[in-house]
Protein chains: 2
Amino acid sequence: MATGRRISIGLPTIRRLPMYVAILEQARQASQERISSPQIAELLGFEAIQVRKDLAAVGVSGQPRVGFPVVELLQAIERFLGWDNVSDAFVIGAGHLGVALAGYDGFAGHGLKILALFDRDPAKVGTPVHGKEIFDIERLGELAQRLGVRIAILTVPDEAAAEVAGLAVQAGIEAIWNFTGTKLTVPEGVIVERMDLAASLAVLSSRLAAERARGRGRA
Amino acid sequence: MATGRRISIGLPTIRRLPMYVAILEQARQASQERISSPQIAELLGFEAIQVRKDLAAVGVSGQPRVGFPVVELLQAIERFLGWDNVSDAFVIGAGHLGVALAGYDGFAGHGLKILALFDRDPAKVGTPVHGKEIFDIERLGELAQRLGVRIAILTVPDEAAAEVAGLAVQAGIEAIWNFTGTKLTVPEGVIVERMDLAASLAVLSSRLAAERARGRGRA
DNA sequence: TAGATTGTTAATCGATTAACAATC
DNA sequence: TAGATTGTTAATCGATTAACAATC
């Protein structure tokens, strides 16, 4: 029942919250009113105690023997994540990845709405994709101001990332979701979150390499 | 100098290794022969002690007062990650994201080569993208066998993920790079690595939400 | 030599897991 | 009531950071 927004909540917990959201949405769809930590743990493949710890962090209490209220819990997590109201965003870099993200409809449920794309290439400018306009990057500041956009999704080539991030900051962007492989340096107060393809691939391929090293033979 | 492949190396370390690779490649390009942990730390924005710990984990020694040998270190990390020889992969799901990944040329340097795509939609089958054929998913087993492909990059809609992952496992796929929002259950021995868009977005948007909650006013 | 850097050993920190009393 | 589940407090585990002797 408590709503206290805790000062600090661990990053691992925050990264797990979307999984709870997915589970809880399923439960709501099935008109399930309450769900217990062992149930959630079973569905996600981890331990009940971890579920309870995570849920405690967002400040919703359960009821012994019954579990947690599905709708209330869902709302609390979405509120915590800021997924309860929509934030507008621009995609900068209308390459394959940028276009793919602009067309992804899963963001709608996560409080993210992509309004438009930006690119430097005149051949792309003016040709809408997924019903969204592609503007010249020159117009980033003007349009960010006019539309009050504070989030940029950065999908330019690695070499251009630092420069374009600078433009974004100048344009008043407050948060950059960085899909490039480049580490960005930004003024204090600007949020950068890296979507790290290479890190994920490293985990996959190192495991594969380890397995290969272990299991010789077996033609 | 030592090459000992340590039994267990922490996941956080593995996820940082690609950053070292990027830095080291730059250094090599600049014909720099040695690089010190403070130098690397400066470039990546973390502490020298962490760099030394990470590098120790892959088993290359530095020289006091001089630093680490750039080329040797680079090779050691790439060998550890399995990025030193190419693994073939299929993209399953020729939607926007799948096509974007198939066209991404950054994988070449990371030991990953996408040979072809698969989709269920007859309209997509037979129309190559980025010079790569799109096959009917029915042919996954046959082609995986014939070409010896062991990695699948899963970019189908969430609802189809579980079923298609099952097909992939049946086809002899050993490692799945999962770009869907669905948690996959696979037989023991099959590697699944999740590329978690939602987790990353959660970190970004929760920080934004926290900032918004803190800094009222300031029109 | 003097001094910067490595690598080891210890201390700190945070996250996960365990144990269990409180609750309905 | 009996028993399942919560939430708290403690224990464990692993990762990061600090301190410092060894090295060239």
Side-chain angles (χ1 to χ4, degrees), chain A residues 1-4 6-17 19-20 23-24 27 32-70 72-73 76-77 196 199 202-203 206-207, chain B residues 1-4 6-17 19-20 23-24 27 32-70 72-73 76-77 196 199 202-203 206-207:
Chain A
M1 196 62 79
T3 326
R6 303 298 160 82
I7 301 288
S8 148
I9 165 175
L11 217 67
T13 294
I14 293 177
R15 295 181 59 88
R16 281 190 295 270
L17 292 180
M19 304 195 211
Y20 297 123
I23 294 299
L24 290 167
Q32 186 179 346
E33 283 183 19
R34 314 231 152 211
I35 191 166
S36 71
S37 62
Q39 280 179 300
I40 296 175
E42 169 69 25
L43 288 165
L44 291 177
F46 36 77
E47 299 293 324
I49 176 64
Q50 184 163 63
V51 174
R52 291 204 298 279
K53 274 276 151 90
D54 285 342
L55 299 189
V58 296
V60 169
S61 304
Q63 215 174 347
R65 162 125 196 130
V66 193
F68 296 82
V70 170
E72 194 181 328
L73 185 49
I77 297 179
D196 204 338
V203 174
S206 69
R207 280 207 261 169
Chain B
M1 196 62 77
T3 327
R6 303 297 159 79
I7 300 287
S8 146
I9 165 173
L11 217 66
T13 294
I14 293 176
R15 294 180 58 87
R16 280 190 295 270
L17 292 181
M19 303 196 214
Y20 297 123
I23 294 298
L24 291 167
Q32 187 180 347
E33 284 183 18
R34 315 230 149 211
I35 191 167
S36 72
S37 63
Q39 278 180 301
I40 297 174
E42 170 69 25
L43 288 165
L44 292 177
F46 35 78
E47 299 293 324
I49 175 64
Q50 184 163 62
V51 174
R52 292 204 297 279
K53 273 279 152 87
D54 285 342
L55 300 190
V58 298
V60 169
S61 304
Q63 215 174 347
R65 164 127 194 127
V66 191
F68 297 82
V70 170
E72 193 182 328
L73 185 50
I77 298 177
D196 203 338
V203 174
S206 69
R207 280 207 261 169

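All chains are named by letter (A, B, ...) in the order of the sequence lines, taking the proteins before the strands, and each is independently numbered beginning at 1. Bear in mind the structure is a predicted one, so any value in this text is a computation, not a measurement.
The residue Arg34(B) sits apart from the nucleic acid: no heavy atom pair falls under 4.0 Å. Within 4.0 Å (heavy atoms only), Glu47(B) reaches no atom of the nucleic acid at all. Within 4.0 Å of Ser37(B), counting heavy atoms only, lie sugar-phosphate atoms of the nucleic acid but no base atom.
Within the 4.5 Å cutoff, the side chain of Pro12(B) has heavy atoms near those of the Arg16(B) side chain. Proximity of Ile40(A) to Leu55(A): side-chain heavy atoms (C-beta onward) are separated by under 4.5 Å at one or more points. With contacts defined as side-chain heavy-atom distances shorter than 4.5 Å, the pair Asp196(A)/Met19(B) qualifies. Between Thr13(A) and Val58(A) there is no side-chain heavy-atom pair separated by less than 4.5 Å.
To the nearest angstrom, P of dT5(D) lies 15 Å from CG of Leu55(A). Spacing between atom CD1 of Ile9(A) and atom P of dA15(C) amounts to 10 Å, rounded to whole angstrom units. Here dG7(D) presents its P atom at 11 Å from CG of Leu73(A), a figure rounded to the nearest Å. Taking atom CD of residue Glu42(B) and atom P of nucleotide dT5(C), one finds them 12 Å apart after rounding to whole Å. Spacing between atom CZ of Arg52(A) and atom P of dA4(D) amounts to 14 Å, rounded to whole angstrom units. In this structure, Arg15(B) places its CZ atom 13 Å from P of dA15(D), rounding to the nearest Å. Rounded to whole Å, the distance from CD on Gln63(A) to P on dC24(C) is 7 Å. Between the C1' atom of dA18(C) and the CZ atom of Phe46(A) lies a distance of 18 Å, rounded to the nearest Å.
The phosphate of dA4(D) has neither OP1 nor OP2 within less than 4.0 Å of any side-chain N or O from Ser36(A). Taking 4.0 angstrom as the limit, Ser61(A) places none of its side-chain polar atoms (N or O) nearer than this to OP1 or OP2 of dT6(D). Side-chain N/O atoms of Arg16(A) include none lying less than 4.0 angstrom from OP1 or OP2 on dA15(C).
Nearest-nucleotide assignment on DNA chain D puts the 5′-proximal partner with Val66(A), out of Gln50(B) and Val66(A). With DNA chain C read from its 5' end, the first of the two nearest nucleotides for Ile49(B) and Pro12(A) is the one closest to Ile49(B).
For dC24(D), the paired nucleotide is dG3(C), the pair qualifying as Watson-Crick or G-U wobble because both relevant distances are below 3.5 Å. Of the nucleotides present, dA18(C) is the one that pairs with dT9(D) by Watson-Crick or G-U wobble criteria, both distances under 3.5 Å.
Judged by atom type and distance alone, Lys53(B) does not reach the base of dT16(D) through any side-chain donor-acceptor pair under 3.5 Å.
Of the candidate nucleotides dT6(D), dC24(C), dA18(D), dT6(D) has the atom lying nearest to any side-chain atom of Phe68(A). When distances are taken from the side chain of Pro64(B) to each of dT6(D), dT17(D), dT5(C), the shortest belongs to dT5(C).
Between Ser206(A) atom OG and Ile77(B) atom CD1 the span is 12.5 Å, to the nearest 0.5 Å.
When all heavy atoms of Ser36(A) and Val66(A) are compared, the pair lying nearest together is CB-O, 4.4 Å.
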